Amino acid sequence: MPNSLLPRSRAPETPDSNPLGGVRSTYPGPRAQISRDANLTWWRRILPIISSHRLTFIASIVLSFASLIFQTLVPNLLNGAITHALQKHNASLHRAVVEIVVVGALAGVTGILSRQYLYRTAYEVEADLRSLIYEHLTWLSFSFYDRVQSGQLISRANSDIRSVQMYSTFAPLILVQTSIGVLAFGFMLKIDPLLACIAMVVMPILYVVGIKMRRVLFPISWITQSRLADVATIVDENVNGVRVVKSFAQEEAEINRLADAAERVAWAYVKDAQIRGQWSPWLQNLPQLGLALVLAFGGVMVINGRLGVGAILAFNAYLLMLQAPFMMLGQLVMMGQRAKASAERIFEILDEHPEVIERPGAYDLVDVEGSLDFDHVQFGYGPDVEILQDFNLHISAGETVALVGRTGSGKSTVARLATRFYDTTEGAVRVDGHDVRDVTMGSL
């Protein structure tokens, strides 16, 4: 059938249609971009994304801190109730019970609201990061995809983003929860300064352990994320290329290849578990030593009449409050190292720049007839892979031309240069006499 008689489709006239043939996005995009300053720490580069959701994020932090205050008031109220209502009989026990119940209820309500706002912020940040990385991938040139495996991109757009999102949103909350130790220590100082100092004697040891744990966890966290990406790459290649695998009867070979990659991931996870198993007990159990010291010295004080029974009960309650933050501290260290490794892998993509970009002053290609010219074109996919040399071709508007040749001779390359997926090394490609490098990408 002559080309002029072929039916031509026409896009419907909708608000989302682009006069140049494209489609306008109805998605407004992420509220903010990451910082492009590669010299900043990874969390400072992510900060603009979190700041764009600052209302819900700040609300979650404030409510969490309020819940924390209410929690630390309960042991103090318990100390007062035992001392004044049960021992000295100069206060109402009923009133003390009501106060404790009310404060406990307020702690619960504020804690629930805090988590609701926090989870909302976390998933919105995650959605923004996913959209941001996909938006960036759509702008990168084809040369980037020639050297990066698709499975690596899938992994970084999924598991790596999840690691960054979890740490970026939950780390501040964990730090707020950890600050319960500061408030608890303040109440302990108010009860008895000497006993409070005895209870905190293990804290320097915990600090040293946390620093050491952070240093040994980062390398294995990077290895784990990298090997997960390798598994994703193999699965992606085999699913998309299943016909090739079956055609060459390579099922067993591909199964063995995936099994090897899965074993490498398992090794990384086991190594990570060994490190956590070695260091986490220190963070979790050293506060128990502080509890034993309080019971030993505080018990002597109670026996000697220097300290009341309510005070020692309040001290024990505050020490129990200190255990949860230190367990969270160990979790925070592990999450932080994995998030750092994941963030650096994500930035490897976001810091890439497209090689094919519009020139300043590029204009739209309109009223196109369709003639195509290759004028002394030279092109290669690398310095050692020369494909086209002094290639010349003229195709008139409406003319059909078939390029025939062996694999690797440059047939597909010619089509890619016509759509400016790549730029020529020398020479020019012209549509209706317009150099494709002078027109806008969308119109081309």
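What you see is a predicted model, and the numbers here were worked out from it, not measured in a lab.
- Residues Ile46 and Leu129 have side chains in contact (heavy-atom distance under 4.5 Å, counting atoms from C-beta outward).
- Annotation: the span from Leu132 atom CG to Ile349 atom CD1 amounts to 11.0 Å, rounded to 0.5 Å.
- In Arg359, the CZ atom is crowded: over 12 heavy atoms of neighbouring residues, nucleotides or ligands sit closer than 6.0 Å.
- Here the rule is side chain to side chain contact (heavy atoms under 4.5 Å, CB included) with Phe65, and of Ile61, Val62, Ile69 only Ile69 fits it.
- Sparse packing is recorded around OH of Tyr117, with 12 or fewer heavy atoms of other residues, nucleotides or ligands lying under 6.0 Å away.
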Under 3.5 Å, which donor-acceptor pairs link side chains of residues 188-203 to any protein atom two or more places apart or in another chain?
| unit_1 | atom_1 | unit_2 | atom_2 | d |
| --- | --- | --- | --- | --- |
| Asp192 | OD1 | Leu194 | N | 3.2 |
| Asp192 | OD1 | Leu195 | N | 2.9 |

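- For the pair Leu118 and Phe57, the tightest heavy-atom approach, listed with the atom from each and the gap, is CD1-CE1, 4.4 Å.
- For Trp267, the CH2 atom is densely surrounded, since the number of other residues' heavy atoms within 6.0 Å is greater than 12.
- Under a cut-off of 6.0 angstrom, the local environment of CZ in Phe347 is crowded, with over 12 non-hydrogen atoms contributed by other residues, nucleotides or ligands.
- Annotation for Arg243: atom CZ does not count as buried by contact number, only 12 or fewer foreign heavy atoms lying within 6.0 Å.
- Pairs passing the salt bridge (Lys or Arg N to Asp or Glu O under 4.0 Å) check and including a residue from residues 343-353, sequence neighbours excluded, read Arg45-Asp351, Arg147-Glu352, Arg156-Glu348, Asp160-Arg345.
- Looking at heavy atoms from C-beta onward, Asp423 lies in side-chain contact with Arg437 at the 4.5 angstrom threshold.
- Under the 4.5 Å side-chain criterion, counting only non-hydrogen atoms from C-beta, Val270 is in contact with Gln274.
- Annotation: side chain of Thr419 is not in contact with side chain of Leu444 (no heavy-atom distance under 4.5 Å).
- Legend: residues meeting ring-ring contact (aromatic ring centres under 6.0 Å, His included) with His434, ordered by chain and number and at least two apart, are Tyr363.
- Counting heavy atoms from C-beta on, the side chains of Glu124 and Gln165 never come closer than 4.5 Å.
- The ring of Phe379 has its center closer than 6.0 angstrom to the ring center of Tyr381.
- Counting non-hydrogen atoms of other residues, nucleotides and ligands closer than 6.0 Å to CZ of Phe144 gives a total above 12.
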